[in-house]
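First comes the structure, then the notes that go with it.
So that the names make sense, note that chain A is the first sequence line, chain B the second, and so on, each numbered from 1.
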Protein chains: 2
Amino acid sequence: MTVSGKVEVVGRSETVDAVDVEGMCPYRLVLEHVTSRWGVLVLMELLVRPYRFSELRRAIGRVSEKMLTQTLQTLERDGLVHRDAKPVIPPRVDYSLTDLGREAAAQVKALADWTAERMPDVDRARRTYDKARAERTRAQ
Amino acid sequence: MTVSGKVEVVGRSETVDAVDVEGMCPYRLVLEHVTSRWGVLVLMELLVRPYRFSELRRAIGRVSEKMLTQTLQTLERDGLVHRDAKPVIPPRVDYSLTDLGREAAAQVKALADWTAERMPDVDRARRTYDKARAERTRAQ
DNA sequence: CTGGATCCGAGATGATACTG
DNA sequence: CAGTATCATCTCGGATCCAG
């Protein structure tokens, strides 16, 4: 990385110069892009089919234009998302997954599916945990 | 969830009452706990073997006590991590994965491994992207 | 040693207005 | 429509001090 200064990137922040290297394996950054709040949703939506910007925004729901733009740019830079801007008026931009992106999305989806599947177990664990904690509080 | 008030939880914040339900599938929260900055590292370390608190802290490196505690509590509540506090002085607490946690950790590791493996491709994509952007800037 | 409680800054996210 | 820019907000995460 030769650029200096700051860049707004999805995930956690990054100062482009050196801070990232001295405390984090480089792949951790990609992992954070991919598992970021909106990164997960974008990848999974695009796994279904390509989307236009606003279309994607509606599909995800409750995401600001700014964050969606940022997320898409980050994923595009990492080579996971392909951006196809057609020079027409009004503007039309289609987003899709690259081959690399499809692999990433598949991994993410596997994790998401597992989570959804195991949700009942998690809920049960939570109730147990909360009940135990409540009793300890009552008994001081 | 019957508890009210706020709770510090790993991932993004959560107001325990209703805010989480009205805008997010519940499993998204678990997903965020698991893919959180420290959640990923904790799960992967514990996949190797059980650890004591300070031991885990050293193994991960560069994590504050606060965040490690928070992460472990969140994962424990979700039923992914088992906490074994021995009533001795000085205190000794061992952390390990539950069966559910081992499954989660395996998924996370799969994603992390994929990321590490594909890092060269990502780097190449980034260089291409940055070069293209630089030229567009130069040409205005 | 294992945390709990608190303060605080950096930065992530959102709302709004503006451009091509 | 697809963004960019700016401003306002919120909270994550680190540092510090304290307790059992």
Short side-chain N/O contact from [X] to OP1 or OP2 of [N], under 4.0 Å:
X	N	answer
Y51(A)	dA2(D)	no
R37(B)	dC12(D)	no
Q73(B)	dG4(C)	yes
R62(A)	dA15(C)	no
R52(B)	dC1(C)	no

Once you round it to whole Å, what is the distance between [atom2] of [N] and [atom1] of [X]?
X	N	atom1	atom2	value
W38(B)	dG13(D)	CH2	C1'	9 Å
L68(A)	dG3(D)	CG	P	9 Å
E32(A)	dG11(C)	CD	P	14 Å
Y95(B)	dC1(C)	OH	C1'	11 Å
K66(A)	dA8(D)	NZ	P	13 Å
R92(A)	dG20(C)	CZ	P	23 Å
Q70(B)	dG13(D)	CD	P	8 Å
M67(B)	dA15(D)	CE	P	12 Å

Look at all strands and tell whether R57(A) reaches a base, only sugar-phosphate, or nothing, counting heavy atoms closer than 4.0 Å. nothing
Contact class for E55(B) (heavy atom, under 4.0 Å): base, sugar-phosphate, or nothing?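 E55(B): no heavy atom of the nucleic acid under 4.0 Å.
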Find the distance between CG (L46(A)) and OG1 (T98(A)) and round it off to the nearest 0.5 Å.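 Rounded to the nearest 0.5 Å, the CG-OG1 separation comes out at 10.0 Å.
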If you measure from CD on Q73(B) to CG on D78(B), what distance do you get to the nearest 0.5 Å? 12.0 Å
Which atom of R77(B) lies closest to which atom of D130(A), heavy atoms considered: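 For R77(B) versus D130(A), the nearest heavy atoms are NH1-OD2, 2.5 Å.
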Mind listing the closest non-hydrogen atom pair of E65(A) and F53(A) along with its distance? O-CZ, 4.0 Å
With a 4.5 Å cut-off on side-chain heavy atoms, are L43(A) and K109(A) touching?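 In short, these two side chains do not touch, never coming nearer than 4.5 Å.
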Find which nucleotide of DNA chain C each of P91(A) and E65(A) is nearest to by heavy atoms, and output the residue with the more 5' nucleotide. E65(A)
Consider the side chain of T69(A), meaning its heavy atoms from C-beta on, and name the nucleotide among dG13(D), dT2(C), dG3(D) that approaches it most closely. dG3(D)
Options dC1(C), dG14(C), dG14(D), nucleotide nearest the side-chain atoms of S54(B):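 Of the options given, the side chain of S54(B) lies nearest dC1(C).
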